[in-house]
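Numbers restart at 1 for each chain; the letters A, B, ... are given by sequence-line order, proteins then strands.
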Amino acid sequence: MSIQIYNTLSRRKEPFVPIDPQRVTLYACGPTVYNYAHIGNARPAVIFDLLHRVLSRRFPQVIYARNITDVDDKINQTAAAEGVPIEVISRRYAEAYHADMEQLGVGRPTIEPRATDHITEIIGMIDQLVDQGHAYLAEGHVLFDVGTFPDYGQLSRRDRREMIAGARVEVAPYKRNPGDFVLWKPSPENLPGWDSPWGRGRPGWHIECSAMSAAHLGETIDIHAGGQDLVFPHHENEIAQSRCAHGTEVFARYWMHNGFVTVDKRKMSKSLGNTLVVHELLKQWPGEVLRYVLLSAHYRQPLDWSDKVLEQAQTTLDRLYGLLREHDDGRAAEADPDVIAALEDDLNTPTALAALNRVARHAGSGTSTEAVACLRASAGILGLLLQPADAWFDQRKAETDLDEPEIEALIKARQAARAERDFGRADRIRDDLAARGILLKDGPEGTTWEAASK
RNA sequence: GGCUAGGUGGCAGAGUGGUUAUGCAGCGGCCUGCAAAGCCGUGUACCUCGGUUCGACUCCGGGCCUAGCCUCCA
């Protein structure tokens, strides 16, 4: 069975057949670095990183590009507000993005192109579009003329004429068509700008992905990915400008779009003010818990974020790590075929987690260390259970304010009470510790303790 | 208004034309001095109304409801 991918272009699942199996190309729209990433921004990072892993198991070379947009009006605003150059802002938040994503177990893409490093390519591409009559100059702007591209609207299934009727925004008077979009805009002296054939200016929003994708991956790529809100206009516009500039029939052969993270069923967005910032969430929860939650729903479905799902994920991870702690002898094993099959079926992570839990049940009910090794190997593909089990449990110990000698002393006192069969006193000690978030566990090897989960 | 998703057991969340999803919680049991953890067992769930079918939660049509895009947005 080949890898199946749901293609937004066809609105159905298709077998994934790359143009060149020796060189698979994947592009995902990365962050615009003007503040901290919220958990909704983290979803595509986690999902398409997982896609990268899944593809890499099958194909010898998968080039995964995830850009950083480091020139943008929102960056300009933040920089102006702080009175610093835009590089200060973009560098700060790019670094924060990397740190946060690393906590979520997101690997680095093969290449991470930045818009400001590709101004030459961007200008070159716009120049071509102007030459070919697909773009025109108006009041210092260079605009793409959607009237010259009959396939415009194919991805988002929109009709250009109906878009005019439904348009809720004022259309700039210098546009030929209401759907025309900016490729290059003039920059006044107080804003970042680059010299171009059309004067000092800066790129529009959509062009950088087209330019960088072509520069690093080629004019036609296998997969282009991003959030559902990018389908229109961002990806629609990318298709238009890329295909027109290169004279190609296809820009990306498969389009993948992740659904939103919601809060109380409403989309998480900066304008609604209901964003949950990864940087903050990581102060309360291990990155692996956030990752588990992000994988717990299928990537195309909405994912409603709540403390409850976080707690559930943590409880489940506790059980899985507990199995590793008790039974893992470190041996190598193959991953469970059901886990792989689920992932290769359009990244069905909930089914993969179900399979993983079946492996765990197997591992827990017998004493087979092979099953435990299989659990670890299978989870590894999902980017889970990668740390030593002790490290997983110790991270919560670090959060308690009790010092360990005190706890050990209390445990000793309780052991003494138990030896005298004074269970009333023994239980009081245990209850007191429990009230302070310390759970005792009596086993054949003696009594151990761990910090309670939230 | 146009377009797109979706409505599954207490909650989260997959999936299938006729057979166990899975997790969390609950309940019963094993274990334990008692617990905790772990393990075993446990639930006639599929928005509504029609249709197709031997048979539909699963396919088709109508309805109701929810969310999203059409404006920066993952």
Review point. A:Arg430 side chain: which of B:U22, B:C34, B:A74 is closest?
Key: B:C34
Study note, to complete from the structure: Side-chain contact check for A:Arg266: nearest option of B:G68, B:C34, B:G23 is B:G68
Revision key, fill the gap. Between A:Thr316 and A:His298, whichever has its closest RNA chain B nucleotide further toward 5' is A:His298
Exercise for review: Give a yes/no answer on whether the side chain of A:Lys270 brings an N or O atom under 4.0 Å of OP1 or OP2 in B:A74.
Suggested key: yes
**Study point:** Row check, A:Tyr6 ring normal vs A:Arg300 NZ/CZ: under 6.0 Å, within 45°
**Key:** yes
Check your understanding: For the side chain of A:Arg11, counting heavy atoms from C-beta on, which of B:A5, B:C69, B:A25 is nearest?
Key -> B:A5
Review point. Can you check whether A:Lys308 has a side-chain N or O nearer than 4.0 Å to OP1 or OP2 of B:A25?
Key: no
Exercise for review: Answer yes or no for A:Arg43 and A:Phe260: cation-pi contact, defined as NZ/CZ to six-membered ring centre under 6.0 Å and angle to ring axis within 45°.
Suggested key: no
Point to revise | Whole-angstrom distance between B:C60 and B:C40, as gauged at atom P | key: 39 Å
Practice item. Would you tell me if any nitrogen or oxygen in the side chain of A:Asn41 comes within less than 4.0 Å of OP1 or OP2 on B:A74? Key: yes
Review point. Is there a donor and acceptor pair, one atom on the side chain of A:Asn348 and one on the base of B:G15, closer than 3.5 Å?
Key: no
Exercise for review: Please tell me which of the listed nucleotides, B:G33, B:A21, B:C24, lies nearest to the side chain of A:Gln312?
Suggested key: B:C24
Review point. Quick one: which of B:A25, B:A74, B:G13 gets closest to the side chain of A:Thr315?
Key: B:A25
Exercise for review: Ignoring hydrogens and angles, answer whether the base of B:G38 and the side-chain atoms of A:Arg319 contain a donor-acceptor pair closer than 3.5 Å.
Suggested key: no
Practice item. Return the 5'-most residue of the pair A:Thr262, A:His206 with respect to RNA chain B, ranking by each residue's nearest nucleotide. Key: A:Thr262
Check your understanding: In the strands shown, is B:C27 matched to any nucleotide by a Watson-Crick or G-U wobble pair with both distances under 3.5 Å, and which?
Key -> B:G41
Check your understanding: Do A:Asn357 and B:C24 have a side chain to base donor-acceptor pair shorter than 3.5 Å?
Key -> no
Point to revise | A:Gln77 CD to A:Glu82 CD distance, which is reported to the nearest 0.5 Å | key: 12.5 Å
Review point. For B:U53, which nucleotide is its Watson-Crick or G-U wobble mate, given both distances must be under 3.5 Å?
Key: none
Revision key, fill the gap. Of B:C24, B:A74, B:A21, the nucleotide closest to the side chain of A:Asp229 is B:A74
Check your understanding: Does A:Arg361 place a side-chain N or O at less than 4.0 Å from the phosphate oxygens OP1/OP2 of B:U22?
Key -> yes
Check your understanding: Atom CG in A:Leu353, atom CG in A:Leu384: separation rounded to 0.5 Å?
Key -> 6.5 Å
Exercise for review: Tell me which nucleotide among B:A74, B:C34, B:C39 gets nearest to the side chain of A:Arg414.
Suggested key: B:C34
Point to revise | Selected nucleotide, minimal atom distance to A:Ala354 side chain, candidates B:A21, B:G33, B:G68 | key: B:A21
Point to revise | Residues A:Asp390 and A:Lys397 bridged, charged N to O under 4.0 Å | key: no
Exercise for review: Report yes or no: is there a donor-acceptor pair, N or O only, under 3.5 Å between the side chain of A:Arg43 and the base of B:A74?
Suggested key: no
Study note, to complete from the structure: Quick note, A:Met268 side chain, CB onward, closest among B:C34, B:A74, B:C24 is B:A74
Review point. With both distances kept under 3.5 Å, what pairs with B:C3, Watson-Crick or G-U wobble?
Key: B:G68
Practice item. For A:Leu440, report the nucleic acid contact type (base, sugar-phosphate, nothing); a contact means any heavy atom under 4.0 Å. Key: base
Check your understanding: For A:Gly40, which contact category applies under a 4.0 Å heavy-atom criterion: base, sugar-phosphate, or nothing?
Key -> base
Review point. When all nucleic acid strands are considered with a 4.0 Å heavy-atom cut-off, which category describes A:His234: base, sugar-phosphate, or nothing?
Key: nothing
Exercise for review: Take A:His141 and A:Trp184 through the ring-ring contact (aromatic ring centres under 6.0 Å, His included) test and state the conclusion after the steps.
Suggested key: CA-CA 6 Å; A:His141 295 67; A:Trp184 189 262; over 10 Å; no
Review point. When rounded to the nearest Å, what value does the distance between P atoms of B:C47 and B:G15 take?
Key: 15 Å
